[in-house]
Asks: 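I am attaching a structure below and will ask some questions about it afterwards.
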Amino acid sequence: MDKIAVEKKWNKRWTEQKVYSFNEKDVANKHYVLEMFSYPSGSKLHIGHWYNYSLTDSYARYQILKGKNVFQPMGFDAFGLPAENYAIKTGVHPQDSTLHNIEVMEEQLKNIGAMFDWDHEIKTCMPDYYKWTQWIFGELYKHGLAYRKKAPVNWCPKCNTVLANEQVVGGLCERCDSQVVKKDLTQWFFKITDYAEELLQCLDTLDWPEKTKAMQRNWIGKSVGGEIQFQLENGQGSFKVFTTRADTLFGCTYVVLAPEHALVDVITTDEHKAEVQAYKDEVAKTTEIERLSTAKEKTGVFTGAYAINPINGQKVEVWIGDYVLATYGTGAVMGVPSHDERDFKFAQKHNLGIIRVIKGATEDVDDTLPFCDDGVLVASGEFDGLTSEQARNAIVDKLATMGKGEKKVNYRLRDWLVSRQRYWGAPIPIIYCPHCGEVLDENLPVELPYDVEFTPDGTSPLAKHEKFIHDVVCPKCGAPATREADTLDTFVCSSWYFLRYPDSKNSQQAFNTEWIDKMLPVDKYVGGAEHACMHLLYARFFTKALRDMGYLHFDEPFKSLVHQGIILGPDGNRMSKSHGNVVSPDEYVGTYGSDVFRCYMAFGFRYIEGGPWSDDGIKAINKWLDRVERYVLSAYQDYPTTTDFGTEEQQLNRVRHLTIKAVDSDYNEFSFNTAVARMMELVNAIAKYDQQPTKNAQLYRDTVDDLLVLLCPLAPHIAEELWQQTGHQGSVVVQKFPAFDESATKASQVEMLVQFNSRPKVRINVDATLNAQQLQELVLKDPKVQELLQGATPKKVIAIPGRLVNIIV
RNA sequence: GCCGUUGUGGCGAAAUCGGCAGACGCAAGGGACUUAAAAUCCCUCGACCCAAAAGUCGUACCGGUUCAAGUCCGGUCAGCGGCACCA
């Protein structure tokens with residue numbers, strides 16, 4: 001078979017006949033399969049795309065065979081920096097390059113032979129899409145979930161834009177690895193922190209990889225504790241500290257404020273002013289990375305001020321130190337050197353007191369090290385004898401009655417910074433009016449102008465576009481106004497695309513509530529694990545926010561999530577141009593066709609693991625598919641036939657049904673490698689049966705028919721071609737998954753393993769229906785067993801029908 | 001340091017509720033067919049021991065539970081991913 005020609009033929013025919021279109025009338029039976037959409041970069045689809053898209057498509061095809069009404073759309077995450085950077089380098093406008101790349105990629109995606117529903121395609125850079133991205137911004141704004149504030153933000157000097165916390169990896173820009181610096185800027189934020197608790201709680205309800213859920217939990221970073229108020233000694237006011245260890249409060253010997261803390265300048269005494277200012281200057285100069293390094297020494301200086309520990313009235317020194325972060329908790333911590341690693345180091349260095357107030361269960365107290373575990377309180381007045389856990393509550397409760405403390409939960413999650421000082425993104429629909437201030441523009445879309453000078457210089461390219469900025473009046477008062485020049489982070493665009501797909505042509509709304517309530521949540525979402533704390537978190541936030549506004553009525557967008565593994569280069573490194581280990585799928589697809597390539601990827605890797613690329617087995621898969629062809633055609637040739645159903649027939653039928661059962665669950669679990677292995681076993685059984693001089697044609701043909709249907713998710717074109725060549729009506733891709741007949745898998749006689757002292761010794765054929773008692777009796781009577789027993793009486797016999805018999809002597 | 005995850009032949013990997021470890025393939029070796037090659041088909045293929053039969057060892061390491069452990073329990077080590085001065 002000329003596999004390439006066959007692929008072209010069927011691909012074309014399926015598209016013409018719309019074999020794959022979703023039936024909107026049968027929405028109750030829908031199965032929404034979604035692959036993370038791709039970024040239309042200039043380079044072609046790589047192995048990773050193929051691995052993700054082709055095998056998830058196999059899962060979708062399997063669902064069709066199982067009678068599901070599958071919705072599997074595709075689109076493009078088309079805004080973003082790479083197109084803009086490409087434009088800066090080459091002068092080709094981002095819109096032109098993006099739209100061109102999309103065309104090329106559409107063609108490539110079609111060649112995979114996947115059944116994407118192109119009628120619902122989305123391109124996020126088109127006004128008919130970003131109009132609704134802007135609308136969602138407006139809704140968030142109206143509900144207090146989008147706001148503007150001046151804050152120290154992450155700035156990438158190379159990309160010339162701010163970044164979200166999630167886009168800073170180890171102090172470096174996620175995209176270009178430049179060192180990120182802090183800048184004080186007024187920026188737009190989404191209030192994702194309002195949903196921190198729900199985002200955390202709902203993780204338990206999701207069928208997601210444990211790893212991903214753990215990463216989100218970690219990122220949200222909930223910590224339960226208390227806020228404790230310290231009065232300043234000389235009546236200059238008070239400040240709060242956040243702690244998870246209120247039980248150690250009696251051990252507090254000093255407090256530390258973040259150098260940026262507002263109170264620092266107020267409380268510093270004259271004699272310490274110079275030193276404090278010098279320290280603050282020093283801190284401002286160090287980079288974020290240096291400052292956050294755990295290896296760095298715990299530096300700090302005394303302010304000269306004192307505060308009162310509210311639980312015991314002790315006077316403690318107030319220090320500043322850069323290990324206290326202004327952006328977490330209250331920007332102030334209490335120092336308990338006896339029970340905290342960092343405080344201990346800090347106290348040692350600066351000669352501060354160390355008072356031990358928690359005793360461990362064991363008595364081997366080592367006072368040269370901090371004791372950081374829970375224990376029992378000592379030297380803590382009325383709280384002596386309480387466990388740490390009891391004391392945490394008791395102490396905060398006591399403080400609460402004094403008005404000096406309260407229980408408090410803190411999250412590490414920060415609000416999502418969405419402004420970007422770049423061109424190629426959705427404009428933020430905000431107008432600034434000299435009289436009314438910040439006004440939401442509801443006249444959408446706010447179109448992104450084409451003729452923009454986008455060479456980055458640290459200011460937003462749109463700011464330099466006179467017409468865009470100034471050709472606007474205030475919607476409230478009609479006065480001449482100006483537009484917001486920043487654009488939205490592309491992650492905003494991708495935070496709701498799965499809601500748009502089912503209703504992609506709706507020009508009146510972002511989506512119809514009633515309709516997407518039926519179509520969502522996504523039943524199976526497949527994409528890379530690298531999105532754990534960005535896209536997957538943002539999309540959940542959007543879903544919950546839109547739910548609370550009444551635009552939809554479900555809690556989570558992605559019910560079940562699968563991460564495909566990563567295909568590494570042959571050298572075991574991540575494929576990249578710099579490693580020079582990039583493998584292109586094109587050559588393989590050109591030589592063997594997409595079915596062979598897909599089957600090879602299916603068989604060669606555990607789907608969720610991935611691994612280093614090697615093409616050692618691709619020829620074998622090609623041969624195997626040829627073998628399938630030979631036997632399928634052989635079954636339909638003329639040969640001496642019989643209607644008998646003897647041992648050989650039973651054998652074949654048995655393997656056939658075991659294969660049906662196994663492949664069914666394998667597809668369902670994305671275990672494509674074992675699915676192929678099972679089908680290989682079936683083909684081996686068929687090959688053996690083919691040797692029979694006289695064959696049961698009915699059984700033989702039914703069996704190869706089943707094989708073609710089982711194979712069709714992984715090799716749709718080849719299966720279809722053979723289906724047609726053997727004279728079937730209709731397309732194989734919409735057949736019913738073969739029915740499993742359990743009785744066919746049961747032999748009347750089974751080979752039973754007999755062990756002596758747990759070591760395999762003898763095999764005897766027994767009736768399959770015997771119960772444990774009968775089995776034991778029969779086995780003990782067996783001559784071979786008798787011989788091994790040599791007259792001894794077994795101490796114990798374990799007989800398990802269907803498994804084994806173990807004789808202990 | 002914390003969280004998660006993975007350790008099985010020369011290689012990719014299988015193994016249901018604890019029940020014959022290595023299915024299915026690749027590579028390798030041997031053979032059939034062929035003038036030859038390709039294609040196809042058959043056999044061997046964890047290690048040790050051995051003429052063979054039999055036997056011993058073997059799922060990262062140490063220990064435990066069990067008639068029986070890749071699988072369960074306790075501990076250790078290594079790889080991978082994430083977080084990390086978060087109070």
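None of these values were measured; they are calculated from a predicted model. Residue numbering restarts at 1 for every chain, and letters A, B, ... go by the order of the sequence lines.
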Asks: Do we see a donor-acceptor contact under 3.5 Å between the side chains of A:Tyr279 and A:Thr299?
Replies: yes
Asks: Expressed as a whole number of angstroms, how long is the span from A:Asp340:CG to B:G1:C1'?
Replies: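 Interatomic distance, CG of A:Asp340 to C1' of B:G1: 13 Å.
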Asks: Are A:Asn771 and A:Gln774 close enough that some pair of their side-chain heavy atoms sits under 4.5 Å apart?
Replies: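 Side chain of A:Asn771 against side chain of A:Gln774, heavy atoms only: contact under 4.5 Å found.
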Asks: Polar pairs (N or O, both sides) under 3.5 Å between protein and nucleotides 72-83 of chain B?
Replies:
from, atom 1, to, atom 2, distance (Å)
B:C83, O2', A:Asn218, OD1, 3.1
B:C83, O2', A:Arg412, NH2, 3.3

Asks: With a non-hydrogen cut-off below 4.0 angstrom, is A:Gly604 in contact with a base, only sugar-phosphate, or nothing?
Replies: sugar-phosphate
Asks: When we call it a touch if two heavy atoms are under 4.0 Å apart, what does A:Val324 touch: a base, just sugar-phosphate, or nothing?
Replies: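 Here A:Val324 touches the bases of the nucleic acid.
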Asks: Using whole Å, what does the distance between atom P of nucleotide B:A39 and atom CZ of A:Arg627 come to?
Replies: 14 Å
Asks: Extract from the structure each pairing of a protein N or O with an N or O of nucleotides 18-21 of chain B at less than 3.5 Å, listing the distance.
Replies:
from, atom 1, to, atom 2, distance (Å)
B:C20, O2, A:Arg763, NH1, 3.0
B:C20, O2, A:Arg763, NH2, 2.4
B:C20, N3, A:Arg763, NH1, 2.6

Asks: Hey, is B:C17 sitting syn or anti, using the within-90° cutoff around 0?
Replies: syn
Asks: Validate the cation-pi geometry between A:Lys761 and A:Phe756: distance from NZ or CZ to the six-membered ring centre under 6.0 Å, angle to the ring axis within 45°.
Replies: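 Negative - A:Lys761 is either too far from the ring of A:Phe756 or too far off its axis.
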Asks: On the side chain of A:Lys298, is there an atom forming a donor-acceptor pair with the base of B:C85 - under 3.5 Å, no angle test?
Replies: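 Yes, the side chain and the base share a sub-3.5 Å donor-acceptor pair.
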Asks: Could you check which residues of residues 676-690 of chain A get a heavy atom under 4.0 Å from RNA chain B? Sort them by number, please.
Replies: A:Ala677, A:Arg678, A:Met680, A:Glu681, A:Asn684
Asks: I want to verify the glycosidic state of B:G31; is it syn or anti under the 90° rule?
Replies: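 Anti, which is what one calls it when the glycosidic angle falls more than 90° from 0.
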